[in-house]
Amino acid sequence: MTEPNSRESERQRAEPVRVALVDDHAMFRTGVRAELAQNSDRVHVVGEAADTAEAIRVVAELQPEVVLLDVHLPGGGGVEVLHQLHSRVPDVKFLALSVSDAAEDVIGTIRAGARGYVTKTITGDDLVDAIVRVADGDAVFSPRLAGFVLDAFAGSPAPTVDDDLDALTQREREVLRLIARGYAYKEIARELFISVKTVETHVSAVLRKLQLSNRYELTRWATDRRLI
């Protein structure tokens with residue numbers, strides 16, 4: 001996360017930043033709303049959306065200062081939301097908030113017009129700081145993600161996705177990365193707000209598509225491709 005600056009104190013003397021929360025998991029939205037409510041003098045949630053179409057409608061109607069935008073949404077995803085709204089609501093700023101830290105997601109979202117990208121491991125206080133900074137015009141990234149953006153916009157080749165990885169759904173990629181990092185099924189379920197049974201289903205699908213036998217082979221496969 002980039003360091004706070006003096007504009008944060010200016011925002012504290014003004015009205016709270018008006019925020020729209022876009023994520024397809026109701027439990028996650030509830031948790032974020034509760035975290036932000038602890039800083040109601042700085043940020044205020046004015047609307048929510050659970051899919052691409054609803055996000056486009058809510059943001060166009062409410063025109064919040066900042067939209068917290070999940071990258072993977074039903075109906076087209078966060079990039080589609082950005083494409084549809086970027087010219088329609090030029091004063092609205094978008095901050096991606098995603099479980100994914102894949103380079104292709106980060107770069108694609110920033111190219112589409114987001115002002116920042118943070119992962120869902122961010123703390124509540126840091127998220128509030130990120131929202132305020134984006135509202136004030138700064139670009140904000142979780143520390144390890146900034147390098148992706150710098151490389152991409154410096155002209156370095158963007159990371160490529162091989163055919164095997166491309167065969168996986170976005171959710172399967174998320175499960176793959178967490179498995180490769182050593183997460184237990186219950187931990188993945190909590191992280192992605194899905195059931196343990198759903199995690200098991202995704203793992204089985206990943207192993208089948210990649211023609212692997214177990215999570216140890218999967219970890220080695222992901223490590224070889226620098227996906228961890």
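As the structure is a prediction and not an experimental result, all values here were calculated from the model.
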Which side-chain N or O atoms in residues 81-99 pair as donor and acceptor under 3.5 Å with protein atoms at least two apart or in another chain?
| unit_1 | atom_1 | unit_2 | atom_2 | d |
| --- | --- | --- | --- | --- |
| Q84 | NE2 | E80 | OE2 | 2.8 |
| S98 | OG | S100 | N | 2.9 |

Kindly compute the distance separating CG (L68) from CZ (R29), expressed to the nearest 0.5 Å.
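Here the interatomic distance stands at 12.5 Å.
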At what distance, to the nearest 0.5 angstrom, does OG1 of T201 lie from CZ of R171?
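With rounding to 0.5 Å, OG1 (T201) is 12.5 Å from CZ (R171).
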Would K197 and E200 pass as an ion pair if we require N to O under 4.0 Å?
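Between E200 and K197 there is no salt bridge, as every charged N stays at least 4.0 Å from the carboxylate O atoms.
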Could you walk me through whether V128 and L36 pass side-chain contact (heavy atoms from CB on, under 4.5 Å), step by step?
CA-CA 7 Å; V128 171; L36 299 185; 3.7 Å; yes
Might you confirm whether atom NE2 of H44 has over 12 heavy atoms from other residues, nucleotides or ligands at distances under 6.0 Å?
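Atom NE2 in H44 is not crowded, with 12 or fewer foreign heavy atoms closer than 6.0 Å.
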Nearest heavy-atom pair of G124 and E35: which atoms, and what distance?
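Heavy atoms only, the tightest pair is CA-OE1, 3.6 Å.
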Minimum heavy-atom distance R115-D138, with the two atoms named:
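R115 and D138 have their closest heavy atoms at NH2-C, 3.5 Å.
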Going by salt bridge (Lys or Arg N to Asp or Glu O under 4.0 Å), name the pairs with one or both residues in residues 205-217, residues two or more places apart or in two chains.
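Qualifying pairs, neighbours excluded: E172-K209.
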Shared hydrophobic cluster for V199 and L218 (ILVMFWY, side-chain gaps under 4.5 Å):
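Yes, because V199 and L218 connect within a single hydrophobic cluster, where side-chain heavy atoms sit under 4.5 Å apart.
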Check whether I110 and V79 end up in the same hydrophobic cluster, where Ile, Leu, Val, Met, Phe, Trp and Tyr are linked by side-chain heavy atoms less than 4.5 Å apart.
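The answer is no; the residues belong to distinct hydrophobic clusters.
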Taking only residues two or more places apart in sequence or in another chain, which ones pass salt bridge (Lys or Arg N to Asp or Glu O under 4.0 Å) with D105?
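D105: no salt bridge (Lys or Arg N to Asp or Glu O under 4.0 Å) contacts found.
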